[in-house]
Amino acid sequence: MTIGSMENVEVFTSEGKGRGLKATKEFWAADIIFAERAYSAVVFDSLVNFVCHTCFKRQEKLHRCGQCKFAHYCDRTCQKDAWLNHKNECSAIKRYGKVPNENIRLAARIMWRVEREGTGLTEGCLVSVDDLQNHVDHFGEEEQKELRADVDTFLQYWPPQSQHFSMQYISHIFGVINCNGFTLSDQRGLQAVGVGIFPNLALVNHDCWPNCTVIFNNGKIELRALGKISEGEELTVSYIDFLNVSEERRRQLKKQYYFDCTCEHCQKGLKDDLFLGVKDNPKPSQEVVKEMTEFCKDTLEKIDKARSEGLYHEVVKLCRECLQKQEPVFADTNLYTLRMLSIVSEVLSYLQAFGEAADYAKRMVDGYMKLYHPNNAQLGMAVMRAGLTNWHAGNIEVGHGMICKAYAILLVTHGPSHPITKDLEAMRVQTEMELRMFRQNEFMYYKMREAALNNQPMQVMAEPSNEPAPALFHKKQ
């Protein structure tokens, strides 16, 4: 595996896309093409007391900055490392008397860095923050209104003794954050905790079926190859989840990133037939498909309401009913079927009804395997969760198989040093040992398993949330 640097890539003009990055040498799956630390980054407003403002790790006990009482750190080391970036922020918060939102905090941190370095181009960067896309010209009425409100608040927060920036430049920085903000996840990669600007990453264009993936690991992002990349080939990542029909993905990309996707999967509508899949024998009429689609949309609204109220048994009931009705109409790759399978397996696992959850999780994974790129990070995480669910249900062979499959994917997408990959390696070793025992003496295996589970608390799944998995790129909704 190669560890990359900025010599591995060069900026070029990508046809119909503007600037892009291409490889200057050959890469293979799991190679790190380059790693990059954030130019500037902040913790989300909702998590400022629970996540370290330097390394973005979630911690039970954090130390608070004694002066502004706002910033939180793991320890003195993180606090010391943060001072260069926090110094101006600390006095600005004290002067302003309150803490502005994450967008304003990030814009200010970027501008303090520009002021400190005398330029928007920093060492190791291929592009200056001054030259990143801002798309302010494409903002709709609502976005323009939000931008004006953010700029007004920023001007109140920005200290009078700091460098004076023009209104145009301030708007540019807010535009850059809006369309280039990258989501930072916690140390295990399971929860989105902040947003940062990575100038080199911002040059990588989108493709719905990309040749690279991005992961945040140990304070920096890594651009990792998903398969063989030839010298001179353009490097791409997917800005959104692939699991949608091409028309819907294009609509989402246009709305959030202001461009028309021309990738092969969108132009040819590849996999759309699977996303909209219906049963073959007998094939349902268009009218029946339309009715079932409406029924699923209504059910999803009811599920969202029940989930938000914590009525998990109601969620399970709604999912079961919907899956039963879908059975003669939709194929197992249909988006509505997969959505139901995902929700019901997650909620049943939380309720510790692992037997039933395991069946649904296996069906979901079988569907995902036909749709996702074989080295997709979201596929890897879904297979891992399904493997855990099957292990909890006592399906040791299926569980171990899924954990091995997930481990192989995450070695490519996350790499061996990522905490979630290390966790998965430990699970793989444990389930392999259990599987050997199971094959030697099934009766003794179940006896020992029962005793072990009675002696120690079951590893409970996290409470289901309405939050989707962390998206790669942060967008204000």
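In this text the structure is predicted, and so the values were computed from the model without any measurement.
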(message) Please determine whether the number of non-hydrogen atoms from other residues, nucleotides or ligands lying under 6.0 Å from atom NZ of K94 exceeds 12.
(response) yes

(message) For the CZ atom of R116 and the CG atom of N85, what is their distance to the nearest 0.5 Å?
(response) 5.0 Å

(message) Using 30° and 60° as the class boundaries, would you call the ring planes of H86 and W83 parallel, tilted or perpendicular?
(response) perpendicular

(request) Using a cut-off of 6.0 Å, state whether more than 12 heavy atoms not belonging to K220 lie near its atom NZ. (result) yes

(request) With R113 as the cation and Y39 as the aromatic partner, state whether NZ or CZ is under 6.0 Å from the six-membered ring centre and within 45° of the axis. (result) yes

(request) Answer yes or no: is there a side-chain heavy-atom contact under 4.5 Å between V99 and R105? (result) yes

(request) Test R58 against Q187 for side chain to side chain donor-acceptor pair (under 3.5 Å), laying out the working first. (result) CA-CA 7 Å; R58 274 194 82 112; Q187 62 270 44; over 6 Å; no

(message) Tell me whether Q156 at atom CD has more than 12 heavy atoms from other residues, nucleotides or ligands lying less than 6.0 Å away.
(response) yes

(message) Is there a side-chain contact between H206 and C261 in this structure, where contact means two heavy atoms from C-beta onward sitting under 4.5 Å apart?
(response) yes

(request) On the 0 to 90° scale, with breaks at 30° and 60°, tag the F242-Y372 ring pair as parallel, tilted or perpendicular. (result) tilted

(request) State, with a plain yes or no, whether a side-chain heavy atom of D81 is found less than 4.5 Å away from one of Y73. (result) no

(message) With a 4.5 Å cut-off on side-chain heavy atoms, are K228 and E26 touching?
(response) yes

(request) Considering only NZ, NE, NH1 and NH2 on the basic side and carboxylate oxygens on the acidic side, decide whether K422 and E425 come within less than 4.0 Å. (result) no

(message) How long is the straight-line distance from CG of N205 back to SG of C263, given to the nearest 0.5 Å?
(response) 12.0 Å

(message) Can you tell me how the ring of H135 sits relative to the ring of H138, calling it parallel under 30°, perpendicular over 60° and tilted otherwise?
(response) tilted

(message) Other residues, nucleotides and ligands only: do more than 12 of their heavy atoms fall within 6.0 Å of CD on Q168?
(response) no

(message) Could you check whether any side-chain heavy atom of S171 comes within less than 4.5 Å of a side-chain heavy atom of N134, counting everything from C-beta outward?
(response) no

(request) For the residue pair T122 and E117, confirm or rule out a side-chain donor-acceptor distance under 3.5 Å. (result) yes

(message) What I'd like to find out is whether the side chain of V43 reaches to under 4.5 Å of the side chain of E102, using heavy atoms alone.
(response) no

(request) Take the angle between the ring planes of W158 and F154 and call it parallel below 30°, perpendicular above 60°, tilted in between. (result) parallel

(request) Could you tell me whether the side chain of I409 reaches within less than 4.5 Å of the side chain of N376, counting heavy atoms only? (result) no

(request) Evaluate the criterion salt bridge (charged side-chain N to carboxylate O under 4.0 Å, His left out) for residue pair E247 and R250; output intermediate values, then yes/no. (result) CA-CA 5 Å; E247 189 187 348; R250 290 179 85 159; over 6 Å; no

(request) Give a yes or no on whether E7 atom CD has more than 12 heavy-atom contacts from other residues, nucleotides or ligands under 6.0 Å away. (result) no

(message) Testing the 3.5 Å rule here: is there a donor-acceptor pair between the side chains of T413 and T213?
(response) no

